[in-house]
Amino acid sequence: MDRYKKIKTMIQNIILVLYYISALPEITMILAEQGQWYTPMNQLRTITVDAMVVCAAVTIVHKFLEERDKEQNLIQQGLSFIINHIALFIPLIVFTIICPVSKNTYQLKLFLFIIAMSDTDLDEHFKWLLVVNVLFMFSIFYMNRIGMLSDIVVGRSGSDVVRHSYGYLFPLDFHGHLLSICFMYMYIRKEKFSVFDACMVNVANVMFYMQTDARMDMVAVTMASILLCFVNIVGQEKFSNGITKVLCWIYTLGLTITPFLVTIFYNPDVPWMYRLNKIFSDRLTLQKKVLGEHGIPLFGKQINWVGWGGYDGTDKPDYNYVDCSFIRDTLDRGILFEIIFIIGCICLFTQMTKKKNITGVVLMVCFLFSCLTEMHVVLINFYPIMFLFSSIVMLRNQEMLGLFTKGE
């Protein structure tokens with residue numbers, strides 16, 4: 001590791017640790033019941049986000065200095081750099097426009113974090129973040145056990161299932177945090193992830209499921225652990241081929257487009273659609289209603305989401321909370337965001353397959369699957385697995401096109 005990368009990785013490790021310490025309380029009852037922590041946590045989070053923005057700027061400037069043609073003047077160098085980095089500047093422009101239009105800033109923050117991490121050691125970041133997230137989860141559970149944080153108990157409609165949050169805002173947040181921790185652990189282990197690791201992960205997964213009834217998170221963790229264990233037994237190099245790449249393209253397009261098609265054409269009078277809607281807890285009915293009301297905006301829309309599932313309850317008469325990440329992100333951030341995200345996923349799968357990073361392929365496949373019924377994509381304070389996109393964001397146009405051609 002060169003000196004620049006080593007120093008920048010170390011600095012960003014410190015910033016990321018402080019960011020997650022200040023941001024993770026948002027998914028728990030800390031800020032609701034221990035209000036004295038709101039201001040210092042918010043201030044620390046603001047400082048760390050600003051620090052990551054500076055790191056992103058350093059990354060861009062460093063890349064510019066590496067690639068500039070000294071025979072050109074500064075304006076020509078700048079224009080050439082912008083033109084040669086479409087994967088960087090088109091999303092940056094679109095995500096910036098979305099901010100004032102929809103009042104959503106998460107997509108820009110996430111993208112700047114990804115830029116900042118494109119020239120650092122992602123494995124090192126995940127090691128630090130794994131420790132922080134595990135310690136944080138144990139701390140929340142302990143605070144709940146001693147009575148400092150409430151256990152939000154929620155029943156599932158139409159059944160006698162009781163779900164516990166154990167200090168988190170909602171049971172799904174509790175299990176969703178486990179999913180994030182498991183995915184980081186799997187990525188760090190990579191080819192070393194064994195049957196023993198899979199058993200260990202799923203013991204925790206089943207225990208959490210018994211308390212939260214978080215079906216999609218449970219399935220996603222189980223699927224990821226089994227798939228990774230399988231490819232490690234067979235050999236990851238055997239999956240680094242064109243077949244894997246094409247299957248990932250088809251999977252991405254199918255998974256992201258299908259929710260829109262099923263929702264738009266949903267008809268409760270069609271038996272299989274009616275049963276599917278019940279399996280997904282009436283999500284199709286809700287999604288069709290909200291899409292009918294708001295349409296598909298270009299740069300997103302400011303929508304008042306009611307009944308988000310926290311400690312204030314979910315039984316509101318004007319409940320409109322859409323869970324599917326693909327539909328929700330399109331409503332919040334616009335169709336251009338979703339198109340960029342889909343193209344980004346295809347490029348990421350292609351790059352990871354070519355670089356023989358099949359662990360990343362497995363985790364992203366399972367992460368996208370979980371997004372069918374959960375709001376996951378832009379929550380950087382919850383799902384750092386999105387940082388995998390850092391491997392493609394700073395690629396030149398020629399390098400990006402090279403991903404889709406033969407050869408290394």
Side-chain angles (χ1 to χ4, degrees), residues 82-115 118 245-265 287-288 290-303 322-353 361 364-365 367-380 383 385-397 399-401 403-404:
I82 292 171
I83 292 170
N84 287 325
H85 286 273
I86 291 177
L88 169 64
F89 286 102
I90 287 183
L92 188 60
I93 292 169
V94 172
F95 296 169
T96 301
I97 294 173
I98 289 171
C99 292
V101 174
S102 69
K103 310 302 180 187
N104 284 296
T105 59
Y106 264 115
Q107 72 285 337
L108 182 58
K109 291 176 185 176
L110 171 61
F111 195 63
L112 291 170
F113 273 55
I114 288 170
I115 293 170
S118 65
K245 183 170 58 179
V246 172
L247 287 175
C248 286
W249 297 349
I250 296 170
Y251 176 81
T252 299
L253 290 171
L255 202 69
T256 54
I257 295 173
T258 298
F260 290 93
L261 296 177
V262 174
T263 299
I264 292 170
F265 294 105
Q287 288 167 188
K288 190 176 183 70
V290 176
L291 278 177
E293 291 175 352
H294 298 284
I296 299 180
L298 188 63
F299 291 104
K301 189 175 182 180
Q302 188 176 12
I303 299 174
V322 172
D323 293 310
C324 175
S325 288
F326 312 126
I327 294 178
R328 175 64 180 272
D329 286 334
T330 300
L331 290 165
D332 277 339
R333 296 167 177 84
I335 190 64
L336 288 182
F337 170 86
E338 192 61 24
I339 290 172
I340 290 171
F341 175 69
I342 293 170
I343 294 173
C345 287
I346 291 173
C347 292
L348 179 62
F349 278 128
T350 304
Q351 190 263 359
M352 290 191 298
T353 303
V361 171
M364 188 52 64
V365 162
F367 181 72
L368 289 180
F369 179 75
S370 72
C371 291
L372 280 174
T373 63
E374 305 296 341
M375 179 63 182
H376 283 172
V377 171
V378 297
L379 300 183
I380 53 176
Y383 299 104
I385 196 67
M386 284 291 291
F387 295 152
L388 288 175
F389 283 93
S390 63
S391 63
I392 62 171
V393 68
M394 294 300 295
L395 293 179
R396 291 167 58 91
N397 298 346
E399 294 172 319
M400 191 67 76
L401 290 174
L403 296 177
F404 299 89

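We use all heavy atoms of the structure for the numbers below, so side chains are in, but hydrogens, waters and symmetry mates are not. Heads up: numbering here begins at 1 and tracks the sequence.
- Checking side-chain atoms of Arg396 against main-chain N and O of Asn84 turns up no donor-acceptor pair under 3.5 Å.
- A donor-acceptor contact shorter than 3.5 Å is absent between the side chain of Ser102 and the backbone of Arg333.
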Check your understanding: Does the side-chain contact (heavy atoms from CB on, under 4.5 Å) test come out yes or no for Thr353 and Val361, once each step is laid out?
Key -> CA-CA 7 Å; Thr353 303; Val361 171; 3.9 Å; yes

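- In this structure, Ile115 CD1 and Met394 CE are separated by 7.0 Å, a value rounded to the nearest 0.5 Å.
- At a threshold of 4.5 Å between non-hydrogen side-chain atoms, the residues Leu298 and Val101 do not count as touching.
- Across every non-hydrogen atom of Phe326 and Leu368, the tightest pair is CZ-O, 3.5 Å.
- For the side chain to side chain contact (heavy atoms under 4.5 Å, CB included) criterion with Thr330, the lone passing option out of Ile335, Ile339, Val322, Thr256 is Ile335.
- Nearest heavy-atom pair across Phe337 and Gln107 is CE1-CB, 3.6 Å.
- For Phe265, the CZ atom counts as loosely surrounded, since its 6.0 Å shell holds 12 or fewer non-hydrogen atoms of other residues, nucleotides or ligands.
- Residues Leu348 and Leu388 approach most closely at CD1-O, 3.4 Å, considering heavy atoms.
- In terms of heavy atoms, Pro259 sits closest to Leu372 at CG-CD2, 3.7 Å.
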Exercise for review: For side-chain contact (heavy atoms from CB on, under 4.5 Å), just list the numbers for Ile346 and Leu253, CA-CA rounded to whole Å, side-chain angles, deciding distance to a tenth of an Å, and then say yes or no.
Suggested key: CA-CA 9 Å; Ile346 291 173; Leu253 290 171; 4.1 Å; yes

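- Put simply, the side chain of Tyr251 does not reach to within 4.5 Å of the side chain of Met364, judged on heavy atoms.
- Note that the CZ atom of Phe95 and the CG atom of Leu110 stand 8.0 Å from one another [nearest 0.5 Å].
- Here Lys109 contributes atom NZ and Cys99 contributes atom SG; the two are 9.0 Å apart, rounded to the nearest 0.5 Å.
- Between the side chain of Asn397 and the main chain of Ile83, a donor-acceptor pair closer than 3.5 Å is present.
- Considering only heavy atoms from C-beta on, Leu291 comes within 4.5 Å of Leu331 through its side chain.
- Phe389 is not listed as a side-chain neighbour of Gln351, based on a closest heavy-atom distance of 4.5 Å or more.
- The aromatic rings of Phe113 and Phe387 sit parallel, their planes meeting at an angle under 30°, below the 60° perpendicular limit.
- Here CD1 of Ile82 is found 7.5 Å from CD1 of Ile93. Values are rounded to the nearest 0.5 Å.
- Residue Cys347 holds its SG atom at 11.5 Å from CD1 of Ile340, rounded to the nearest 0.5 Å.
- The main-chain N or O of Phe367 is found under 3.5 Å from a side-chain atom of Ser370 such that the two form a donor-acceptor pair.
- Here the side chain of Thr263 pairs no donor or acceptor atom with the backbone of Lys288 at under 3.5 angstrom.
- With contacts defined as side-chain heavy-atom distances shorter than 4.5 Å, the pair Phe349/Leu247 does not qualify.
- The nearest pair of heavy atoms linking Ile327 to Gln287 is CD1-NE2, 3.3 Å.
- The NZ atom of Lys301 sits 12.0 Å away from the CD1 atom of Ile296 when rounded to the nearest 0.5 Å.
- Leu92 and Thr96 make their closest contact through O-OG1, 2.6 Å (heavy atoms, listed as atom of the first residue, atom of the second, distance).
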